[in-house]
Protein chains: 2
Amino acid sequence: MKLNTKSRYAVMALADMSKFPINNPVSLRDISLRQSISLLYLEQIFLKLKKNEIVKSVRGSNGGYVLKRNPKNIKLSEIFQAVDQKVKTVGCKKDSKKGCNGKSVKCITHELWDELDIYINNFFENKNLSDLLMTKERKN
Amino acid sequence: MKLNTKSRYAVMALADMSKFPINNPVSLRDISLRQSISLLYLEQIFLKLKKNEIVKSVRGSNGGYVLKRNPKNIKLSEIFQAVDQKVKTVGCKKDSKKGCNGKSVKCITHELWDELDIYINNFFENKNLSDLLMTKERKN
DNA sequence: TAATACTTGACTATTTTAGTCGGGTATATA
DNA sequence: TATATACCCGACTAAAATAGTCAAGTATTA
Ligand code: FES
Ligand code: FES
C-alpha cells in the first residue's frame, strides 16, 4: 500500500503555499525549486486542483496560484479526490462472472475492504492543510 | 491507494481455509476453484505464507495446507507482512540529494505520512482471521 | 506405481505511474 | 506595445510495479 507521487506532491505543494500570505500568488516555478518537483508535473497537478476549486490561478507575470480557501478549511480528503487518488481496496469488478464481482454474492473479504476504505478515508477527512504547518521547526 | 492482489488473495485463501476443520489439509486446487484464483499464483503466495509460519504444508495426495495456528491468533498484519505488502506512504529516499531525503531535513509532509502508516497498520493489527468469519450468511 | 499436490526460480505480459513535450493563451510592467 | 512571465491543456513515452505463467522438479499416499 502506498501513495502515488501526485497526491504526495499535491499535499507538499499546497502546504508550501500555505506558508505565504493568502492572496499572494505563488508561482509553480518557485514551488518546483523549493520542493524539487518537476515544474511540468506540477502544472498537471495544479490544473486538477484548480478544477476542484482548491486553488485559483492568476495569470501573467508575477502571477501564480492562490489558495481559494483558508488552509483550515481544506481537508486532505478534498485534495486526494482532486488528483483522482481514490482509496479503493476492494478487488471486485462488476464485469467478472466468477469470483469477486461484488454483485449478488460478495466474497468473504468484501466487507473487510469496505471497512478499511472507510477507515482510511476517515484519516483524510479529519486532517486539514493547516494541521501540517503547526509542527515544530520546519526547514523546507 | 489500493491493495495488490497478492494480499487480497492471501486473505481470501486463508479465510477460505479457516472454514474447514483445523488439521484437515486443504488443497490449493480446491481454493483455486472456489475463489477463482489462479492455482499457480496461489502456489507462489502460499510459499510465502509457509515461510512465515502461517501455514504448514502436507505433501502427497490428499495433501494440502493447514493453518499453523488458530484463526483467532492470526492477525492480518502478519499476513500482509508475509506477502511483502508493506504500508509505506512516505516518499523520501535516502539517496536523493534534494527534496525528500528523510535524513537531516524532513520535508513538511513527512510526519503526516508516518502518522498515516501507523494508522493503517493499526487496522491490520487489530483484525484477525476469525473476525472475517463471523459475519452473517456467506456463500463463498 | 500412478496420481496428487507441494516446491522453486525464472520469465513475461500487462497495467500503472511518473513525468515530458509541444504548442498554446493571458497579463503585467518596462 | 514589446517582452517576459506564468498559467493552460492534450497527447505522448519511459520506467517500474504488478499479476500471472512456465518448466522442471520432489514427496507422499492409495
Ligand atoms: S472484494 Fe468485493 S466481492 Fe470480493
Ligand atoms: S516524505 Fe520524508 S522527507 Fe519528505
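Letters A, B, ... are given to chains in the order of the sequence lines, protein chains preceding strands, and every chain is numbered from 1.
Side-chain N/O atoms of A:Y9 include one lying less than 4.0 angstrom from OP1 or OP2 on C:dG19. OP1 or OP2 of C:dT7 has at least one side-chain nitrogen or oxygen of B:S57 nearer than 4.0 Å. B:K50 has a side-chain polar atom (N or O) that falls below the 4.0 Å cut-off from OP1 or OP2 of C:dT7. One finds no side-chain N or O of A:T5 lying less than 4.0 angstrom from the OP1 or OP2 phosphate oxygen of C:dT17.
For A:E43 and C:dG24, the CD to C1' distance is 12 Å, given to the nearest whole Å. Here the C1' atom of nucleotide C:dT8 and the CG atom of B:L28 are 14 Å apart, to the nearest Å. Regarding B:Q44, its CD atom lies at a distance of 14 Å from the P atom of C:dT7, rounded to whole Å. Following rounding to the nearest Å, B:Y41 (OH) and C:dT7 (P) show an atom-to-atom distance of 18 Å. Between the CG atom of A:L39 and the C1' atom of C:dG19 there is a distance of 12 Å, given to the nearest Å. The CZ-P distance, from A:F46 to C:dG19, rounds to 15 Å in whole Å. Per the geometry, CG belonging to B:L42 stands 14 Å off P belonging to C:dA5, to the nearest Å. With rounding to whole Å, B:I45 atom CD1 is found 14 Å from C:dC6 atom P.
Legend: residues meeting salt bridge (charged side-chain N to carboxylate O under 4.0 Å, His left out) with A:K68, ordered by chain and number and at least two apart, are A:E53. Legend: residues meeting side-chain hydrogen bond (donor to acceptor under 3.5 Å, both in side chains) with B:N121, ordered by chain and number and at least two apart, are absent. Legend: residues meeting salt bridge (charged side-chain N to carboxylate O under 4.0 Å, His left out) with B:R69, ordered by chain and number and at least two apart, are B:E78. With sequence neighbours left out, A:E43 forms a salt bridge (charged side-chain N to carboxylate O under 4.0 Å, His left out) with no residue at all. In this structure B:S77 satisfies the side-chain hydrogen bond (donor to acceptor under 3.5 Å, both in side chains) test together with B:E125, sequence neighbours excluded.
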Report all side-chain donor-acceptor pairs from residues 21-33 of chain B shorter than 3.5 Å, counting only partners two or more places apart or in another chain.
residue	atom	partner	partner atom	Å
B:S27	OG	B:D30	N	3.2
B:S32	OG	B:I37	O	2.8

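Residue pairs meeting the ring pair (Phe, Tyr, Trp, His ring centres under 6.0 Å) criterion with at least one partner in residues 3-32 of chain A, sequence neighbours excluded, are A:Y9-A:Y41.
With a heavy-atom cut-off of 4.0 Å to chain B, the contacted part of DNA chain D has its first and last nucleotide at D:dA19 to D:dA30.
Under the 4.5 Å side-chain contact rule for hydrophobic residues, A:L3 and B:L112 share a cluster. The hydrophobic cluster containing A:F123 also contains A:I74, counting ILVMFWY residues as joined when their side-chain heavy atoms lie under 4.5 angstrom apart, directly or transitively. A chain of hydrophobic side-chain contacts below 4.5 Å, direct or via other Ile, Leu, Val, Met, Phe, Trp or Tyr residues, connects B:L39 to B:F46.
If A:L47 and B:R8 are placed on DNA chain D by their nearest nucleotide, the residue sitting closer to the 5' end is A:L47. The 5' end of DNA chain C is approached more closely, in terms of each residue's nearest nucleotide, by B:V26 than by the other of A:N4 and B:V26. Toward the 5′ end of DNA chain C lies the nearest nucleotide of A:K6, the other residue of the pair A:K6 and A:V58 mapping further downstream.
Taking a 4.0 Å limit (strictly below) on heavy-atom distances, residues 59-68 of chain B reaches DNA chain C at B:R59, B:G60, B:S61, B:N62, B:G63, B:G64, B:Y65.
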